[in-house]
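Report on the structure given below.
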Amino acid sequence: MSGALDENSRNLIKTRIINKMKEIKSFPQFVVETLRKLNDPTSNASDVALSLSRDEGLVLRTLKLANSAAYGMSRNISDVSEAIALLGYKNIGNIVLAASVYSVMDKGLHGYALDRGELWRHSLTAAHAARYIAQSTKKVPPEEAYVGGLLHDIGKVVLNDYVHFGYGLIIKEVEEKGIPFIEAEMKIIGFDHSTVGALLVERWNLPKSYYHSTLLHHRPNELEPENAEFQPLLDVVTVANSICLMMGIGIGADGLQNYIYPEPLERLGIKDYEGLMSELVDFASEAAQEMADMKGL
C-alpha cells in the first residue's frame with residue numbers, strides 16, 4: 001500500500017467515526033447533576049452528597065481521600081457531607097469526572113500500541129503534572145489544569161480501530177517523512193485524535209477551555225486570537241503531555257516524532273524544562289497509586 005486511503009474509504013471512515021462518537025454515552029445523569037450542584041453557589045455539601053450517594057464507588061473513594069487528607073485527626077470520617085466539606089468542591093468535581101472518564105479510557109488501544117491501562121496512566125499522570133505546572137506558574141487554576149490533562153487524549157478511544165486499520169500507512173509517513181504521528185493520522189484517515197477528542201468534549205457540554213486544550217495540545221501555537229483566554233490552559237496541557245511522553249508514560253505509537261514546542265514554555269515562564277521534568281517524576285507514582293485505588297473500588 002502507498003499513499004493515503006482513497007476518498008471513498010476516508011468518507012466511510014468519517015461516517016463510522018461520527019457514529020462511534022454517538023455510541024460513547026454522555027456522562028450518567030447523576031454525574032451531570034453532581035457537577036451542576038458543585039458549580040451552583042446556592043448548593044451545600046448535603047445537596048452534593050445526596051447526588052453523589054447514587055454511586056457507591058464514588059462514595060467510597062470520597063471517604064478514603066477525606067480520611068487520607070484528615071490523617072492524624074482523632075476520628076475517622078464516615079459522613080459523605082463532612083468528607084465533601086473537607087475536600088472541597090473542586091476536588092470532588094475531579095473525583096466525579098475522573099471516575100466517569102476512567103470507564104471510557106480503561107481499555108487496550110492496539111491502534112496506538114497501548115496496552116490496557118496505559119492510556120489512563122498517561123492521562124492521569126498528565127493531569128497531575130498539569131496541576132503542578134499550574135500551581136508553579138500561577139497561569140491557570142490548578143484544578144482546571146488537572147481536568148485538561150485528564151481529557152487531552154480522549155479521542156484515541158474513538159479513533160483506535162481506524163488508526164489500527166491504517167497503521168502501516170501512518171507509520172510509513174512518520175518514518176519516511178519525519179512528521180509527527182498526529183499529522184500522519186490526519187493525512188491517512190482524515191481525522192486525528194485531537195480533533196475527535198475535542199468533538200467529544202463539545203458533545204459532553206464541557207467548558208470551551210477543555211475543547212481548545214484537547215483540540216490543540218499538539219499544535220499549541222495555532223490558537224485563534226479571539227480565543228487567547230484559553231492559551232494558558234492549552235500551554236500547560238501541552239507541556240504536561242510532552243513531559244509524560246519524554247518520561248515514556250503511555251508513549252505508544254504516537255510518541256514517535258513528538259515535538260516539544262519552546263513557545264508554551266516561554267509563555268508559561270518555564271526556563272528549566274529538564275528540572276521540571278525531574279520534579280514531575282514523582283507524579284507518575286501518584287498516578288499509579290490513584291489507578292490502583294480506582295480499580296480497587
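Quick caveat: nothing in here was measured; it's all calculated off a predicted structure. Residue numbers run from 1 in the order of the sequence given. What's counted below: heavy atoms across the whole structure, side chains too, no hydrogens, waters or symmetry copies.
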Identify the two heavy atoms, one from Leu109 and one from Lys156, that lie closest to each other, and give their separation to 0.1 Å. CD1-CB, 3.9 Å
Taking the side chain as everything from C-beta on, heavy atoms only, tell me whether Leu206 gets closer than 4.5 Å to Tyr211. no
Sequence neighbours excluded, the answer for salt bridge (Lys or Arg N to Asp or Glu O under 4.0 Å) partners of Arg54 is Glu33
Cationic N near anionic O, under 4.0 Å, Asp235 to Arg267: yes
Give a yes or no on whether the backbone of Tyr210 and the side-chain of Ser213 come within a donor-acceptor separation of less than 3.5 Å. yes
Under 30°, 30 to 60°, or over 60°: which ring-plane class applies to Tyr112 and His193, parallel, tilted or perpendicular? perpendicular
Only pairs at least two apart or in different chains count here, so list each side-chain hydrogen bond (donor to acceptor under 3.5 Å, both in side chains) that has a residue in residues 140-152. Asn94-Glu143, His122-His152, Arg131-Glu143, Glu144-Ser209, Tyr146-Glu290, His152-Asn241
Among residues at least two apart in sequence or on other chains, which ones pass salt bridge (Lys or Arg N to Asp or Glu O under 4.0 Å) with Lys139? none
Taken in chain and number order and not counting sequence neighbours, the residues that satisfy side chain to side chain contact (heavy atoms under 4.5 Å, CB included) with Asp161 are Lys20
Within the structure provided, determine whether Leu200 and Val157 are in side-chain contact (heavy-atom separation under 4.5 Å). no
In short, Thr238 meets Leu216 closest at the heavy-atom pair OG1-O, 4.3 Å
Using every non-hydrogen atom in the two residues, find where Val101 and Leu151 come nearest and quote the distance to one decimal. CG2-CD2, 3.8 Å
Determine the minimum heavy-atom distance between Thr62 and Ile84, stating which atoms define it. CG2-CG1, 4.5 Å
With sequence neighbours left out, the residues meeting side chain to side chain donor-acceptor pair (under 3.5 Å) with Arg121 are Glu118
Give a yes or no answer on whether the side chain of Gln231 reaches the backbone of Pro220 with a donor-acceptor pair at less than 3.5 Å. yes
List the residues meeting salt bridge (Lys or Arg N to Asp or Glu O under 4.0 Å) with Lys208, not counting sequence neighbours, and say none if there are none. none
For the CD atom on Glu274, are there more than 12 heavy atoms of other groups (residues, nucleotides or ligands in this structure) within a distance under 6.0 Å? no
Any donor and acceptor pair, going by atom type alone, linking the side chain of Asn227 with main-chain N or O of Phe230 inside 3.5 Å? no
Test your reading of the model: is there a side-chain donor-acceptor pair from Asn160 to the backbone of Gly111, 3.5 Å cut-off? yes
Ser194 and its side-chain contact (heavy atoms from CB on, under 4.5 Å) partner, picked from Ile154, Asp153, Ile182, Thr214: Ile182
Might you point out which heavy atoms bring Val236 and Ala130 nearest each other, and give the distance in Å? CG1-O, 3.4 Å
